[in-house]
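In what follows, a structure is listed as structure tokens, so that the remarks can point back to it.
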2 protein chains.
Amino acid sequence: MTARKSADLRRADIVEAVLDLLASVSPERLSTSRIAAKVGVSHGALFRHFPTKDDIWRSVMEEVEHRAQRAWAKASEIGGGPRDRLRMLCLAQLGLIEQTPAIPALVMAPGRHVAEDSVRPIVLRLMAGLMDRMVALARQAKAAGNLRGDLQPDDIAALLLGILQGLVLRWSLSGRGFDLVTEGDRLVCLQLRLMAPSQPQEVSCD
Amino acid sequence: MTARKSADLRRADIVEAVLDLLASVSPERLSTSRIAAKVGVSHGALFRHFPTKDDIWRSVMEEVEHRAQRAWAKASEIGGGPRDRLRMLCLAQLGLIEQTPAIPALVMAPGRHVAEDSVRPIVLRLMAGLMDRMVALARQAKAAGNLRGDLQPDDIAALLLGILQGLVLRWSLSGRGFDLVTEGDRLVCLQLRLMAPSQPQEVSCD
DNA sequence: ATAATAAGCAAGTGCTCACTAGCTTATTGA
DNA sequence: TCAATAAGCTAGTGAGCACTTGCTTATTAT
């Protein structure tokens with residue numbers, strides 16, 4: 001018999017529990033009973049706070065979106081040239097995922113999922129948001145002469161984003177068997193070096 | 001009442017039906033009833049051919065593995081320098097996925113899935129196999145002077161594989177809204193050009 | 001031709017799922 | 001202090017799940 005909490009606190013608890021559980025259970029196999037057990041509340045009590053499971057998914061995705069916005073904003077505050085800010089944005093994204101491993105599970109949950117209509121649009125919005133930030137930084141970096149002139153900003157972003165996504169996929173499949181940020185920094189710096197203008201210039205990646 | 005078939009043919013039908021269905025239903029939500037309906041056979045009849053659903057997953061993964069080996073082998077027969085063979089391997093992988101869109105769903109199915117123990121090891125083996133082929137080609141390309149000398153073969157492969165995986169993820173999320181091979185070829189060629197030795201040399205990507 | 005076998009069917013079994021109904025009890029504001 | 005309200009509980013409901021049972025019928029080998 002847990003201590004009673006206000007509905008707001010309980011809702012936050014539930015969202016937190018879902019994010020925790022998604023580190024080890026796939027979204028499609030995460031049942032409301034397991035969520036209730038994790039929160040420490042009866043199964044029925046869950047539905048006093050969220051009318052349907054879909055509403056839980058919606059709140060979870062809102063929380064994920066907030067965390068992402070926070071991580072990206074923090075990375076952009078660090079300052080430095082656009083090239084460094086691009087690197088920091090990549091690292092911020094990997095750091096976010098390392099701290100919230102539910103994210104890849106939510107993003108990759110494929111096909112027609114019950115919650116598909118709640119989760120998918122926010123996933124797309126998130127990815128588009130990250131892409132936009134990367135394209136903007138790529139454009140600035142190119143203008144500043146930090147990146148080769150023959151590269152389109154969206155291609156720069158597509159290559160970097162792909163490298164991040166591929167790395168996260170391998171990290172998830174490997175059971176998170178390596179340090180995501182460390183390995184990511186290595187690859188991102190390598191890629192930024194490849195995209196540097198042809199006259200070799202020092203790279204601040206170490 | 002479908003015409004009777006031999007067990008071997010029926011098993012092949014079932015595997016085929018699963019691959020078809022996985023283009024639109026996630027692996028965790030694909031029920032044996034839906035498979036039976038797609039095959040055109042009663043639900044119970046399925047279990048005459050496969051003792052458990054896990055056995056279906058195993059056969060499906062074997063089929064996927066055969067298709068991948070075939071696609072990769074075919075790409076390596078084309079010939080050309082190691083650099084071109086690396087490009088062709090990437091395109092073969094994308095072509096395979098375009099023809100069998102079940103593959104990303106199977107690879108990305110996260111977390112503890114019922115069939116996890118049947119599917120996961122083969123997914124890992126497949127990815128490791130592709131990685132090995134890419135690393136070997138990268139090593140050859142580097143030795144032939146087609147790629148920068150300061151790049152490690154595994155890093156070359158990791159970058160390229162990441163670009164492929166990121167692209168496939170975006171393709172899946174977008175509802176397969178663009179041509180995977182066309183866009184992939186563009187990005188792969190771009191990346192190969194970035195990894196070319198510093199003295200600019202012609203690239204056979206068009 | 002016919003017995004043996006192989007492929008199929010309808011109708012279940014017990015389980016888990018998301019969600020509900022109806023009651024109980026802790027907190028709170030007048 | 002004590003009703004009103006908000007948060008909780010137990011015990012369901014029907015639907016869908018993987019899988020089984022017992023019977024039927026098509027194919028095939030003698």
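Naming: A, B, ... by sequence-line order, numbering from 1 per chain. Just so it is clear, the values below take in all heavy atoms, side chains as well, and ignore hydrogens, waters and symmetry mates.
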Check: Does the side-chain hydrogen bond (donor to acceptor under 3.5 Å, both in side chains) test come out yes or no for A:Q165 and B:R170, once each step is laid out?
Finding: CA-CA 9 Å; A:Q165 287 166 338; B:R170 258 131 46 210; 2.8 Å; yes
Next item on the list: Report the C-alpha separation of B:T100 and B:R67 in whole Å, then their side-chain angles, then the decisive distance to 0.1 Å, and conclude whether the side-chain hydrogen bond (donor to acceptor under 3.5 Å, both in side chains) test is met.
Entry: CA-CA 9 Å; B:T100 311; B:R67 293 190 187 188; 3.1 Å; yes
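Here the CG-CZ distance, from B:L192 to B:R83, works out to 5.0 Å after rounding to the nearest 0.5 Å.
Distance from the side chain of A:F47 is smallest for C:dA18 among the nucleotides D:dC19, C:dA18, C:dC9. Across C:dC9, C:dA26, C:dC19, the shortest atom-to-atom separation from the side chain of B:V41 is found for C:dC9.
In this structure, the side chain of B:Q140 does not engage the main chain of B:P82 through any donor-acceptor pair within 3.5 Å.
One atom, CZ of B:F50, and another, C1' of C:dA7, lie 14 Å apart when rounded to the nearest Å. Rounding to whole angstrom units, CZ of residue A:R11 and C1' of D:dA7 are separated by 14 Å. Rounded to whole Å, atom C1' of D:dT24 lies 8 Å from atom CZ of B:R4. In this structure, B:K5 atom NZ and C:dA7 atom C1' are separated by 13 Å, rounded to whole Å. One interatomic measurement links the two molecules: CG of B:D55 to C1' of D:dC19, which rounds to 12 Å at whole-angstrom precision. Taking atom CG on B:D8 and atom P on C:dT5, their separation rounds to 19 Å, with Å as the unit.
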Next item on the list: Quick one, give me the B/S/- string for nucleotides 10-17 of chain C, reading 5' to 3', where B means a protein heavy atom under 4.0 Å from the base and S means that only happens at the primed atoms, P, OP1 or OP2.
Entry: -------S
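Every pair passing salt bridge (Lys or Arg N to Asp or Glu O under 4.0 Å) that includes a residue from residues 148-160 of chain A is listed here, sequence neighbours excluded: A:R148-A:D150, A:D155-B:R186.
For B:R48 and C:dC9, the shortest distance from a side-chain N or O to OP1 or OP2 is not below 4.0 Å.
A salt bridge links B:D13 to B:R10: one of the charged nitrogens lies within less than 4.0 Å of a carboxylate oxygen.
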